[in-house]
Protein chains: 2
Amino acid sequence: MTVGKSTMKTVGDDISWKAQNNGTIGIHPCASCDVRTRAVCSALSNDELKELALHSRHRAIDAGETVFFEGDPTEAYYVVMDGALKLYKLLADGRRQITGFLFKGDFLGLAYCEDHSFSAEALKDSKLCQLPKGQFEAMADESGALGRRLLSIATSGVACAQEQMLLLGRKTAAERLASFLLWLSSAQGRGGDDSADLISVPMSRADMADYLGLTVETVSRTVTKFKTGKLIRLQAQNGIEICDRGELEAIAAGEAA
Amino acid sequence: MTVGKSTMKTVGDDISWKAQNNGTIGIHPCASCDVRTRAVCSALSNDELKELALHSRHRAIDAGETVFFEGDPTEAYYVVMDGALKLYKLLADGRRQITGFLFKGDFLGLAYCEDHSFSAEALKDSKLCQLPKGQFEAMADESGALGRRLLSIATSGVACAQEQMLLLGRKTAAERLASFLLWLSSAQGRGGDDSADLISVPMSRADMADYLGLTVETVSRTVTKFKTGKLIRLQAQNGIEICDRGELEAIAAGEAA
DNA sequence: CGTCGCATTGACTCTATTCAATCCGGGTGG
DNA sequence: CCACCCGGATTGAATAGAGTCAATGCGACG
């Protein structure tokens, strides 16, 4: 198992300071950031945001590139500005468990941890906003709002993880896939009305398998079964259309016949 | 699946106010609490502690009794003063996944969540210190130390949960049991030197199975295999002695032959 | 001493894995 | 333009690891 240091190009200091001054937000690079209102940053005052922006760096990550490896010392936290990431852990012989996927607006990192307890890799070309560990932690210590926001992120992370434990420990392959598709749908519904019926699946079958605790073959077979049963329809560009949400929900909950 | 409201006797207002005044701690009921230095409470000043104690209640929970059910509105947080609890989630047909065990000193509850996302039940007769939700949250909002402590608890909860996902998604029965025994050992080592070789197992085989994503039979068979292989020895009163920690560690990590 | 609940063991089954072949779409180079 | 190639996805056949069903063992307790 190769666990090396991550190397990556830093887009660097080229944060735009040209954002328009609208009188309330003031001039700072985050003014033009479209995840600002959704991400952790929303817990910061304009002054704090400005301060933090002084130390932040944007990083472009290509698909397949690693942000950091499990065991690496934590040097920074990140906000996903665009793209998608997978988080995973490995066993000595290469068996892999994906512990989560991150999308636009999500926060990456575990507060106050010395070392990363998982690896993070881009599913597709992505943009991250990198926040230096020390700087960010100091700010979290100062700002009650940021601390509370981080707590709420961690808390929902725990709830999510417990749901996934239920899936991994007790659900059948079909139940796992159904749960996954519905989760993906609701994740993509964030921002829009509700959950989308046409979902884009940025991860490979192998990634889905490693997230669901199955093999590629089983995922593929189960997808086919859902397709045959007219629960879903495969679309171009890794799209999946949910045709019978009710039935999928019943399956996901373990209520199916 | 019966999911009712939890009912429980409240030991009530009989918190002892007789703790000795040693000049620094001052007179308050927590002075005599032996988990005070380990639990969340350690993040509070004496004044804060005193304030919180005014609203706290001790609850005695019998083995098998439920503290709260998944879906119940969160009305309080708890500190486990003594005993052991299991946290679990259920599927519609009764399949159960235990998502964690709590011991003396552990914190019970997910900060700022409206409803409980899991049920909590005592493994054996236990004592809890109940902290009213509103009171405690207000205090967390005020005190940076408490907020940070809660964040660190939630954060290590996430790391723990991810480790468990790896176990549930990718480990074999033997690897799961080995990981579990070592975890239990290190959990009981807290307070003592390091990890204990003689561990007490307060949960039934069924609980172990539901925690490890296995069946009772498989757990039992695997225990027998370990016993036969001289990796462990069963002791009286649900005790298990670890005889070959190195081999167990190798198995747990997935490095065994 | 008998009973009850949990744990263990045995025999058989089944779901998901493994191993292997084929398919499909996109990109490349002749 | 089209044949070729490559990686991911799908499908098939055989296998294995854990599950299921059922019987027995064992210790605590009345």
Side-chain angles (χ1 to χ4, degrees), chain A residues 63-64 86 91 93-98 123-124 167-181 200-229 232-240 251 254 256-257, chain B residues 63-64 86 91 93-97 123-125 167-181 200-229 232-240 251 254 256-257:
Chain A
K86 63 184 172 201
L91 288 175
D93 61 1
R95 276 173 286 169
R96 185 179 68 155
Q97 179 64 39
I98 290 181
L123 288 175
K124 54 180 180 179
L167 179 148
L168 291 169
R170 290 298 178 221
K171 291 189 182 177
T172 66
E175 289 164 358
R176 293 178 200 206
L177 182 64
S179 304
F180 173 73
L181 292 174
S200 100
V201 183
M203 61 288 287
S204 67
R205 292 287 183 271
D207 287 337
M208 290 169 57
D210 282 346
Y211 182 60
L212 299 175
L214 301 169
T215 57
V216 178
E217 294 92 331
T218 301
V219 170
S220 189
R221 276 185 247 273
T222 312
V223 166
T224 302
K225 211 188 306 176
F226 281 6
K227 204 172 47 178
T228 309
I232 60 172
R233 218 171 329 191
L234 298 199
Q235 305 286 358
Q237 272 124 357
N238 302 317
I240 293 187
I251 294 174
Chain B
K86 63 185 172 200
L91 288 175
D93 61 2
R95 276 173 285 170
R96 186 179 66 154
Q97 178 65 40
L123 287 175
K124 54 180 180 178
D125 295 353
L167 180 149
L168 291 169
R170 290 299 178 220
K171 290 189 183 179
T172 65
E175 290 163 356
R176 292 180 201 206
L177 182 64
S179 304
F180 174 72
L181 292 175
S200 101
V201 182
M203 61 288 285
S204 67
R205 293 286 184 270
D207 287 337
M208 289 169 57
D210 282 346
Y211 182 60
L212 299 175
L214 301 168
T215 58
V216 178
E217 293 91 334
T218 300
V219 169
S220 189
R221 276 185 249 273
T222 311
V223 165
T224 301
K225 211 188 307 175
F226 281 6
K227 205 172 45 178
T228 309
I232 60 172
R233 218 171 331 191
L234 297 199
Q235 306 285 359
Q237 271 125 356
N238 301 319
I240 293 187
I251 294 174

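Small disclaimer: the values here were computed from a predicted structure and weren't measured. In what follows, every chain begins at residue 1, and chains take the letters A, B, ... in the order their sequences are listed.
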J.: What residue pairs, at least two apart or across chains, pass salt bridge (charged side-chain N to carboxylate O under 4.0 Å, His left out) with a residue in residues 207-217 of chain A?
T.: K86(A)-D207(A), R96(A)-D207(A), R96(A)-D210(A), D210(A)-R170(B)
J.: Hey, does the side chain of S220(B) reach the backbone of V216(B) with a donor-acceptor pair shorter than 3.5 angstrom?
T.: no
J.: What is the distance, to the nearest angstrom, from the CD1 atom on I232(A) to the C1' atom on dA9(D)?
T.: 13 Å
J.: Taking all non-hydrogen atoms of both residues into account, name the closest pair between F226(B) and L181(B) and its distance.
T.: CD2-CD1, 4.2 Å
J.: Is T224(A) near enough to dT11(D) that one of its side-chain N or O atoms lies under 4.0 angstrom from OP1 or OP2?
T.: yes
J.: Considering all heavy atoms of both residues, which atom of K124(A) and which atom of A63(A) are nearest to each other, and what is their separation?
T.: CA-CB, 3.4 Å
J.: List every contact pair, protein side and nucleotides 19-27 of chain C side both N or O, where the distance is under 3.5 Å.
T.:
{"unit_1": "dC19(C)", "atom_1": "N4", "unit_2": "E217(A)", "atom_2": "OE2", "d": "3.0"}

J.: Within the structure provided, determine whether R205(B) and T215(B) are in side-chain contact (heavy-atom separation under 4.5 Å).
T.: no
J.: Distance check needed: dA28(D) P versus K124(B) NZ, whole Å only.
T.: 17 Å
J.: Measure the OG1-CG distance between T222(B) and L177(B) for me, rounded to the nearest 0.5 Å.
T.: 6.0 Å
J.: NZ of K225(A) versus C1' of dA9(D): gap in Å, rounded?
T.: 17 Å
J.: Between P on dC6(C) and CE on M208(B), what's the gap in Å once rounded to a whole number?
T.: 15 Å
J.: Assuming nearest nucleotide by heavy-atom distance, tell me which of K227(A) and K171(B) is located more 5' along DNA chain D.
T.: K227(A)
J.: Can you work out whether S204(A) or R170(A) has the more 5'-proximal nearest nucleotide on DNA chain D?
T.: S204(A)
J.: What's the closest nucleotide to the side chain of T218(A) if the choices are dT10(D), dA16(C), dT8(C)?
T.: dA16(C)
J.: Would you say S220(A) reaches dA9(D)'s phosphate, i.e. side-chain N/O to OP1/OP2 under 4.0 Å?
T.: no
J.: Between atom CG in L214(A) and atom C1' in dA18(D), what is the gap in whole Å?
T.: 15 Å
J.: Whole angstroms only, please: what is the CD1-C1' distance between I240(B) and dT8(C)?
T.: 14 Å
J.: How close or far is atom P of dT15(C) from atom CZ of R176(A), stated in whole angstroms?
T.: 14 Å
J.: Expressed as a whole number of angstroms, how long is the span from L123(B):CG to dC6(C):P?
T.: 13 Å
J.: Could you pull out the closest heavy-atom pair between L168(A) and Y211(A), with the gap in Å?
T.: CD2-O, 3.8 Å
